[in-house]
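As the structure is a prediction and not an experimental result, all values here were calculated from the model. Sequence positions, counted from 1, serve as the residue numbers for this chain.
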Amino acid sequence: MKIGNVTLKNNVFVAPLAGISNGAFRSIVASFGAGLIYTEMVSDKGLLHHNERTQNMLEIGADEGDVSLQLFGADPRQLAEAVKIVDTKSDAVIIDLNAGCPVPKVVKSNGGAKLMTDEALLFSIVRSMVLATDKPVTVKIRMGWDQNSLNAVALAKGIEKAGAAAIAIHGRTRKAMYSGKVNLDSIKAVVEAVDIPVIGNGDIKTPEDAKQMLDYTGCAAVMIGRGVLGNPWLIKQTIDYLRTGKYDKEILLEERFAMIKVHTKKLIDLKGEKVALLEMRSHVPWYLKGLPHATVVKQAMLKMTTAVELFALLDTYYQRLKG
């Protein structure tokens with residue numbers, strides 16, 4: 001799998017997830033073999049204004065595999081300058097432009113999915129980013145703003161002409177957010193319209209979903225987002241299934257609990273214990289999804305401030321499940 005001058009080990013990618021795709025998360029999904037892992041969105045303004053938190057988001061650990069750093073913004077010159085900063089201060093192998101995020105806060109700043117409504121501006125941004133780096137520049141889009149403006153094919157053609165090395169498309173409109181089913185035909189249409197690799201995104205919850213998307217659309221790679229939350233095993237399962245037609249469906253109980261502790265420790269190393277425990281309030285329920293009485297753990301976590309407390313709770317719950 002090649003994107004520009006970068007060769008990746010496979011075509012199973014992990015999507016950018018706001019508030020999730022930090023170094024701790026990336027190192028975990030990398031350990032399951034992901035071919036490319038995206039950072040959460042990084043603000044061009046934050047980089048240009050030397051915001052410390054934003055600057056820290058450029059750091060890529062040695063155990064994170066191949067990483068694509070995703071920028072968002074709406075000004076060609078500012079994004080070009082941000083690209084130059086990424087070039088010198090980050091070990092990311094690819095730089096991505098988010099032109100598909102549907103979140104109101106991003107859209108109100110004319111970034112994310114709002115860029116799809118101004119094709120000339122989007123193409124200008126892509127050109128300026130491509131000229132600012134030797135690294136491949138890619139773009140993530142959606143089908144369009146809404147059902148009355150399905151312009152993904154026109155966008156893809158213009159993005160390719162502007163010099164992008166690949167395009168990722170989420171098969172929903174901005175208006176749909178994450179509701180309804182992903183539209184595979186929209187991804188297929190983009191694949192047929194351009195010569196650069198197309199990465200399909202949306203509703204991949206099983207290895208079979210990934211294979212169906214690849215087979216039906218002809219896309220070069222799949223990008224898994226929410227399906228990997230609490231389930232990094234999906235990465236390896238999908239890679240195995242695409243290579244051999246088989247995969248190990250069983251995730252042992254002890255594996256789940258061990259991974260929660262690994263994730264917690266990595267987050268503590270990255271952000272400190274207080275913030276890590278707050279963020280694990282989201283991750284733990286994802287890891288425990290489908291297990292009996294998991295809500296008891298979720299509620300008990302709200303009062304916890306240390307990893308020792310969390311691990312004791314998890315050990316008690318694990319023993320209860322084992323009977």
Side-chain angles (χ1 to χ4, degrees), residues 12-32 34-61 63-74 78-79 82-83 85-86 89-109 111-115 129 135 137-142 168 170 174 177-178 199 201-202 204 223-232 234-235 263-264 266-272 275-276 278-283 286:
V12 179
F13 300 171
V14 178
L17 296 163
I20 303 289
S21 300
N22 51 49
F25 176 83
R26 294 195 302 265
S27 68
I28 288 171
V29 292
S31 72
F32 285 88
L36 183 67
I37 304 160
Y38 287 67
T39 66
E40 54 189 315
M41 291 186 298
V42 177
S43 163
D44 63 343
K45 290 184 176 65
L47 290 179
L48 297 179
H49 294 155
H50 306 290
N51 177 278
E52 184 179 358
R53 180 180 174 276
T54 308
Q55 296 276 352
N56 290 340
M57 292 171 77
L58 299 181
E59 294 179 10
I60 310 294
D63 62 347
E64 294 179 30
D66 287 324
V67 173
S68 173
L69 191 135
Q70 188 180 75
L71 293 171
F72 77 96
Q78 286 186 358
L79 276 159
V83 164
I85 294 172
V86 174
K89 295 189 176 182
S90 177
D91 290 327
V93 297
I94 291 170
I95 301 174
D96 186 67
L97 171 68
N98 187 306
C101 178
V103 176
K105 181 181 177 182
V106 175
V107 168
K108 284 177 183 175
S109 67
K114 188 67 175 178
L115 291 175
M129 291 175 66
K135 292 180 179 179
V137 171
T138 62
V139 184
K140 189 169 190 286
I141 63 173
R142 283 181 167 236
H170 184 127
R174 185 270 165 177
M177 301 289 283
Y178 299 100
I199 305 152
N201 176 224
I204 297 177
M223 178 188 283
I224 306 177
R226 291 169 295 161
V228 83
L229 295 176
N231 186 21
L234 178 58
I235 303 297
H263 202 149
T264 304
K266 286 180 178 288
L267 270 179
I268 289 172
D269 289 343
L270 185 69
K271 298 189 174 188
V275 175
L278 288 172
E279 293 194 6
M280 288 307 294
R281 290 179 184 178
S282 295
H283 287 284
W286 288 325

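- Considering every non-hydrogen atom in both K89 and Q55, the closest pair reads NZ-OE1, 3.8 Å.
- Heavy atoms only, all atoms of each residue included: L270 and A24 are closest at CD2-N, 3.9 Å.
- For the pair S21 (side chain) and T39 (backbone), a donor-acceptor distance under 3.5 Å is absent.
- Checked by atom type, the side-chain pair N51/K45 shows no donor-acceptor distance below 3.5 Å.
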Candidate pair C101 and M41, rule side-chain contact (heavy atoms from CB on, under 4.5 Å), full reasoning: CA-CA 9 Å; C101 178; M41 291 186 298; 3.7 Å; yes
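- In this structure the side chain of V83 never reaches within 4.5 angstrom of the side chain of V137, judged on heavy atoms.
- A 4.5 Å side-chain heavy-atom check between N201 and K140 finds at least one atom pair inside the cut-off.
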CA sep, side-chain torsions, deciding dist, call: T138, L97, side-chain contact (heavy atoms from CB on, under 4.5 Å): CA-CA 6 Å; T138 62; L97 171 68; over 6 Å; no
Full working for side-chain contact (heavy atoms from CB on, under 4.5 Å) between V67 and D91: CA-CA 8 Å; V67 173; D91 290 327; over 6 Å; no
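- Checked by atom type, the side-chain pair D96/S68 shows no donor-acceptor distance below 3.5 Å.
- Note that CD of Q70 and CD1 of I94 are 12.0 Å apart. Values are rounded to the nearest 0.5 Å.
- Shortest non-hydrogen contact noted between P102 and M177 is CB-SD, 3.3 Å.
- Cation-pi geometry between R142 and Y178 is met: under 6.0 angstrom from the ring centre, within 45 degrees of the axis.
- A pairwise comparison of heavy atoms in F25 and I20 identifies CB-O, 3.1 Å as the closest pair.
- Here H49 contributes atom NE2 and L47 contributes atom CG; the two are 10.5 Å apart, rounded to the nearest 0.5 Å.
- Two residues are said to be in side-chain contact when any heavy atoms from C-beta on lie closer than 4.5 Å; M223 and V12 fail this criterion.
- Using a cutoff of 4.0 Å between basic side-chain nitrogens and carboxylate oxygens, D66 and R26 are not scored as salt-bridged.
- For A99, the side-chain contact (heavy atoms from CB on, under 4.5 Å) partners at least two apart in sequence or on another chain are L115, L122, V139, I141.
- Counting only heavy atoms from C-beta outward, the side chains of V93 and K135 never approach each other to under 4.5 Å.
- Atoms CG and CG, from L79 and D44 in turn, are 4.5 Å apart once rounded to the nearest 0.5 Å.
- The two residues A92 and L69 come nearest to each other via the heavy atoms CB-CB, 3.7 Å.
- Taking 4.5 Å as the limit, every side-chain heavy atom of N56 sits out of range of all side-chain heavy atoms of K271.
- Contact of the E64 side chain with the I37 side chain is not registered, since no non-hydrogen atoms from C-beta on lie closer than 4.5 Å.
- Contact annotation: the side chain of V86 approaches that of L58 to within less than 4.5 Å [non-hydrogen atoms, C-beta and beyond].
- Atom OG1 of residue T264 and atom NE2 of residue H283 lie 9.0 Å apart, to the nearest 0.5 angstrom.
- I235 CD1 to F13 CZ: the interatomic distance, rounded to the nearest 0.5 Å, is 11.0 Å.
- A distance of 9.0 Å separates CG of L17 from CZ of R226, quoted to the nearest 0.5 Å.
- Side-chain atoms of S27 and K266, non-hydrogen and from C-beta on, do get closer than 4.5 Å to each other.
- In terms of heavy-atom proximity, A74 sits nearest to S109 at CB-O, 4.0 Å.
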Stepwise side-chain contact (heavy atoms from CB on, under 4.5 Å) check, L267 with M280: CA-CA 8 Å; L267 270 179; M280 288 307 294; 3.6 Å; yes
